[in-house]
Colleague: 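Handing you a structure now.
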Amino acid sequence: MSAHDKSEAATATRNGDDENRIDRPNDERYDAQRVEQKWFARWQEDDSLYAAESRSTKKKYYVLEMLPYPSGVLHMGHVRNYAIGDALARYMWMNGYNVLHPMGWDSFGLPAENAAISNNTPPREWTLHNIANMKAQMKRLGFAYDWSREVTTCLPEYYRWNQWFFLKLYEKGLVYRKKSKVNWCPKCATVLANEQVVDGCCWRHEDTQVEQRELEQWFVRTTQYAEELLRDLEKLQGWPEKVRIMQRNWIGRSEGALVDFQLEGNAGPAGSTISVFTTRVDTIFGATSIQLAPQHPLVADFTRYNQVLGADVERLIAEQRKAKEVGDIGEIEKHGVNTHHYAINPFSGERVPIWIANYILMDYGTGAIMSVPAHDDRDYEFAKKYKLEIRLVILPISNDPEETMTEPQLPFTAHDGMTINSGPFSGISCADAIKKMSAYAEEKGFGKATVTYRLKDWGISRQRYWGTPIPMLYCEKDGIVPVPEKDLPVILPEKVEITLTGGSPLGRVPEFVNVTCPKCGGPARRETDTMDTFVDSSWYFYRYTDAHNDRAPFDGKIAQYWFPIDQYIGGIEHAILHLIYSRFWTKFMRDLGMITNDEPVERLFTQGMVIKDGAKMSKSLGNTVSPDEMVARYGADAARLYSLFAAPPDRDLDWQDSGIEGIQRFLGRVYRFFVKNATGAVSPALVGALQTTPEARAIQRKLHQTIKRVSDDFQGRWHFNTCISAIMELVNVLYAAEDHIAKKKVPAAFLAEVQRNLVLLLAPFAPYLAHELWEMLGEKGSLLRAPWPKYDAELAKEEEIEIPVQVNGKLRSRITVPADSEEAFVIERALADEKVKAAIAGKQVVKKIYVPGKLVNLVVK
RNA sequence: GCGAAAGUGGCGGAAUUGGCAGACGCACCAGACUUAGGAUCUGGCGGGUAAAACCGUGGGGGUUCGAGUCCCCCCUUUCGCACCA
């Protein structure tokens with residue numbers, strides 16, 4: 001059937017339908033809904049091409065987008081994230097790789113419980129319903145996922161392995177229970193990890209102040225791997241620098257020394273000491289006080305019989321809390337109180353007063369410092385205020401010995417000085433002093449060199465229902481008893497009354513709580529807390545490689561084939577939480593002998609946010625854009641293409657409805673070109689033949705330039721916005737050549753080749769339209785496995801180039817010369833140009849610059 | 001305060017290595033086809049001018065034949081960290 005017949009047929013049917021506007025002949029409109037529905041139905045029937053091959057000789061490629069929480073509906077941020085990954089997956093398929101491109105659901109978590117409370121729907125039901133809905137949305141958007149490997153973390157098939165891992169952590173001493181002050185979000189009614197506290201507030205409730213509560217909790221010893229987590233950041237060259245810096249700061253390694261100061265007299269418990277952490281032990285002879293955090297354990301001993309002091313301490317705590325609330329603890333005005341107790345400096349034997357100060361943090365170091373006003377900004381400020389002694393013990397080193405003796409401006413905080421007034425340690429460099437003094441302290445048993453991290457162990461207990469039950473029992477006789485491996489999974493019971501008060505909901509389910517101890521057969525009580533959901537996402541990507549294994553979390557051999565993940569794509573908001581936990585988990589699994597890779601992710605890409613009207617989309621601002629609505633109005637291709645076109649993927653994207661209309665027009669333009677210029681399948685013999693007519697050559701050149709631009713971007717910097725504009729340019733060139741095409745100056749066989757390549761270029765970005773056009777061309781093979789077009793430099797080459805001619809750096813004219821012209825020829829032609837002649841008239845040309853293929857610049861005087 | 005990224009037309013954004021600033025798209029203007037146009041096609045579109053000249057990449061200096069790009073100083077925005085001892 002020719003194009004002419006086709007459009008006549010189309011016109012005939014449309015003319016019969018005159019209640020709407022009628023399209024004229026050749027006014028073929030692209031009905032995205034009809035085309036997308038057609039392919040959607042086919043893919044529903046058979047999506048086997050999206051499946052990764054378990055046995056393959058091809059090179060593997062693991063591309064992964066971060067799995068979503070099934071909140072109910074996709075938002076535009078998801079669409080953007082998945083459009084990037086899907087384009088990459090399709091590109092890699094077309095390049096002959098065995099691609100693993102899976103999807104799953106991070107489906108435990110609080111929103112399900114909140115929904116249960118407000119709608120009276122069981123969390124499981126609510127969650128599974130959301131998953132079904134979001135999965136349907138993903139399919140409608142045309143994302144090519146291997147659904148045979150779908151992972152749903154809230155199902156026992158998955159979470160049983162969380163429990164298994166927990167037992168392994170327990171065996172290795174990497175999980176422990178301790179009573180401690182923890183972050184408590186009153187709205188979530190549960191504990192939060194340090195990583196989940198943002199500016200003193202809950203990460204989910206930015207307006208809710210986190211409280212401190214004393215609770216028994218399970219902690220994962222992430223600090224055991226602190227050193228390696230930090231060191232291996234160097235290996236992650238495929239990660240954004242920004243993320244690596246954020247992780248480095250979060251781990252916060254700091255070298256220093258611990259030094260014990262003996263308490264004088266009988267202030268605290270007999271023989272007790274105050275251990276301080278300092279990075280500047282070289283300044284210890286300048287320590288003129290000890291400063292304790294108000295929450296320091298010793299403070300309680302001081303205030304027990306001193307109500308006045310107690311009240312002061314309360315005030316200091318309140319000031320700290322206030323500062324945290326405002327979010328600038330750095331700006332807090334320093335206050336302190338003198339306890340009138342003393343401690344002994346072990347180096348000098350000197351008595352120093354013990355103070356309590358609001359600028360000392362209990363959760364860093366030991367919660368106690370030695371205060372050296374002469375050599376620390378904060379200590380200096382504090383000492384000035386409270387008239388504490390300021391004693392100089394470090395002098396700046398200068399080449400001029402006279403200068404070395406001059407007193408520096410205080411506080412003098414540089415690290416490259418020389419000690420004075422430091423007893424036997426005087427007269428040496430700071431670095432030397434640190435070494436010698438640490439060694440001395442260790443030898444005498446009152447201190448040692450040490451490393452402190454900001455990173456804390458990961459508190460994973462949650463007093464909530466919708467999570468993985470922690471497989472631990474408490475027996476009256478045997479104490480803490482792990483659930484035997486053979487009894488896994490500990491199934492989360494379904495009939496549970498969910499409230500946000502009264503502790504863990506599971507605690508109110510007697511048949512869950514009351515068990516027999518596997519050791520003694522006596523009565524035991526089950527742990528009623530559940531695991532932080534970040535446990536689920538710490539290893540889920542391994543499960544994709546072997547999703548139905550019921551004997552192990554996954555098979556190590558299979559994981560070894562697929563890992564590390566070649567490309568991971570997700571939001572920057574996971575730069576710390578998820579990405580540190582999952583790096584930890586990988587190292588732990590490696591040490592268990594399950595895997596061989598040290599890091600889970602080779603290359604990480606963090607895409608920007610989708611915003612609207614300059615603000616993050618949110619229901620309260622009313623600036624949300626619904627993917628469903630976009631698909632219904634413009635089609636999935638348009639929604640996907642626009643989310644790639646509107647901005648480079650690593651930057652924020654400001655959504656504009658008028659922008660997606662432009663994309664819709666573009667898709668229609670492509671479609672109409674194919675309808676108007678139907679050609680049919682290409683004979684392989686003709687592909688790549690150099691065209692002879694200038695009209696065809698122009699198109700061929702543009703085609704190959706476009707292939708290069710798109711391919712390069714996939715390999716390199718991923719600026720899909722410019723890829724898509726390159727394809728638009730190609731289409732514009734085709735439209736501009738329509739007259740030539742009509743006059744048969746462009747051979748039909750070549751035109752068919754161009755169309756075929758255009759479809760291939762579009763395939764990663766707009767799969768629906770690409771498939772439709774592929775079929776229209778009469779292609780039989782699968783587009784998803786069609787080889788990516790090959791760039792041919794010869795065919796892309798320009799025969800003639802336009803060279804701008806500058807005079808003294810200002811553009812004066814342009815000349816057209818053969819592409820392979822010699823410099824002398826180009827300069828000669830430039831000098832002969834009328835406009836150039838006028839510009840240099842009466843002046844002397846002192847320098848002639850020719851940048852081959854780029855420009856000519858004539859310098860005149 | 002420390003660290004990182006960014007600042008280009010009315011808007012989203014191009015310019016990958018120092019070489020034609022504003023690709024591509026949106027919006028707008030004009031024309032064509034039309035009974036109609038919120039379809040489609042064609043053309044225009046940084047400021048300035050009759051046309052040129054000239055001026056234009058946050059501001060100020062510099063290097064260079066030539067700077068959005070490199071160097072120095074400053075301003076603004078966003079993000080991360082923040083009395084971290």
Colleague: Could you pull out all residues at least two apart from Tyr581(A) that satisfy ring pair (Phe, Tyr, Trp, His ring centres under 6.0 Å)?
Modeller: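 So Tyr581(A) forms a ring pair (Phe, Tyr, Trp, His ring centres under 6.0 Å) with Trp458(A), Phe534(A).
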Colleague: For nucleotides 68-71 of chain B, which of its nitrogen or oxygen atoms have a protein nitrogen or oxygen under 3.5 Å away, and what is each distance?
Modeller:
none

Colleague: Side chain of Lys847(A) only, heavy atoms from C-beta on: which candidate in C41(B), C65(B), C24(B) is closest?
Modeller: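 Ranking C41(B), C65(B), C24(B) by closest atom to the Lys847(A) side chain puts C65(B) first.
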Colleague: Kindly state each residue pair satisfying side chain to side chain donor-acceptor pair (under 3.5 Å) with at least one member in residues 446-455 of chain A, sequence neighbours excluded.
Modeller: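 Sorted pair list: Glu227(A)-Tyr453(A).
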Colleague: Find every protein N or O atom lying less than 3.5 Å from an N or O atom of nucleotides 48-52 of chain B, and list the pairs.
Modeller:
none

Colleague: Contact class for Lys848(A) (heavy atom, under 4.0 Å): base, sugar-phosphate, or nothing?
Modeller: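 Nothing, no heavy atom under 4.0 Å.
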Colleague: Please evaluate the base of C83(B) for a donor-acceptor partner in the side chain of Lys334(A) within a cut-off of under 3.5 Å?
Modeller: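 Side chain to base: pair present.
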Colleague: Side chain of Tyr364(A), heavy atoms from C-beta onward: which of A21(B), A82(B), A85(B) has the nearest atom to it?
Modeller: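 Looking only at side-chain atoms, Tyr364(A) lies closest to A85(B).
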Colleague: Between Glu255(A) and Thr279(A), is there a donor-acceptor pair closer than 3.5 Å when you use the side chain of the first and the backbone of the second?
Modeller: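 Side chain of Glu255(A) to backbone of Thr279(A), a donor-acceptor pair under 3.5 Å: no, none is there.
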Colleague: Can you name the residues that form a ring pair (Phe, Tyr, Trp, His ring centres under 6.0 Å) with Phe605(A), not counting sequence neighbours?
Modeller: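 Trp718(A).
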Colleague: For Val859(A), enumerate each residue passing the side chain to side chain contact (heavy atoms under 4.5 Å, CB included) test, keeping only those at least two apart in sequence or located in another chain.
Modeller: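 By the side chain to side chain contact (heavy atoms under 4.5 Å, CB included) rule, Val859(A) matches Asn808(A), Val846(A), Lys847(A), Ile849(A).
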Colleague: P atom, A14(B) versus A6(B): distance in rounded Å?
Modeller: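 It comes out at 11 Å once rounded to the nearest Å.
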Colleague: Can you list everything that forms a side-chain hydrogen bond (donor to acceptor under 3.5 Å, both in side chains) with Asp376(A)? Sequence neighbours excluded, please.
Modeller: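 Arg378(A).
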Colleague: Side chain to side chain contact (heavy atoms under 4.5 Å, CB included) with Thr816(A): which residues, sequence neighbours excluded?
Modeller: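 Once residues adjacent in sequence are excluded, the partners of Thr816(A) under the side chain to side chain contact (heavy atoms under 4.5 Å, CB included) criterion are Glu800(A), Glu802(A).
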Colleague: Verify the contact: side-chain N or O of Asn721(A) to OP1 or OP2 of A23(B), cut-off strictly under 4.0 Å; return yes or no.
Modeller: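 Answer is no, no contact under 4.0 Å.
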Colleague: Just N and O in the side chain of Ser254(A): are any of them under 4.0 Å from OP1 or OP2 of A85(B)?
Modeller: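 Yes, Ser254(A) has a side-chain N/O under 4.0 Å of OP1/OP2 on A85(B).
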Colleague: Just need the stems in RNA chain B: three or more back-to-back Watson-Crick or G-U pairs, each with both distances under 3.5 angstrom, sorted by first number.
Modeller: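 As far as RNA chain B goes, consecutive pairing (with distances under 3.5 Å) yields the stems B:1-7 with B:75-81, B:10-12 with B:24-26, B:28-32 with B:40-44, B:58-62 with B:70-74.
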Colleague: Could you classify G12(B) for me, syn or anti, using a glycosidic angle within 90° of 0 as syn?
Modeller: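 Anti, which is what one calls it when the glycosidic angle falls more than 90° from 0.
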Colleague: Look at all strands and tell whether Glu381(A) reaches a base, only sugar-phosphate, or nothing, counting heavy atoms closer than 4.0 Å.
Modeller: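 Touches nothing.
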Colleague: Considering residues at least two apart in sequence or located in another chain, which fulfil the side chain to side chain contact (heavy atoms under 4.5 Å, CB included) criterion with Pro240(A)?
Modeller: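 Pro240(A) satisfies side chain to side chain contact (heavy atoms under 4.5 Å, CB included) with Val243(A), Leu604(A), Thr606(A) once adjacent residues are dropped.
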Colleague: Any protein N or O atoms within reach of nucleotides 3-11 of chain B? Criterion: under 3.5 Å, listing atom names and distances.
Modeller:
from: C11(B); atom 1: O2'; to: Gln656(A); atom 2: NE2; distance (Å): 2.9

Colleague: When the P atoms of G68(B) and G62(B) are considered, how many whole Å apart are they?
Modeller: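 These two P atoms come out 15 Å apart once rounded.
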Colleague: Just N and O in the side chain of Arg665(A): are any of them under 4.0 Å from OP1 or OP2 of A27(B)?
Modeller: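 The answer is yes; a side-chain N or O of Arg665(A) sits under 4.0 Å from OP1 or OP2.
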Colleague: Under the rule for ring pair (Phe, Tyr, Trp, His ring centres under 6.0 Å), what residues qualify as partners of Tyr634(A), not counting sequence neighbours?
Modeller: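 Ring pair (Phe, Tyr, Trp, His ring centres under 6.0 Å) list for Tyr634(A), sorted by chain: empty.
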Colleague: Using atom C1' in both nucleotides, what's the gap between C81(B) and U69(B) to the nearest angstrom?
Modeller: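 About 30 Å, rounded to a whole number of Å.
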Colleague: Output yes when at least one side-chain N/O atom of Arg717(A) is less than 4.0 Å from OP1 or OP2 of A15(B), else no.
Modeller: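 Checking A15(B) against Arg717(A), a side-chain N or O does come within under 4.0 Å of OP1 or OP2.
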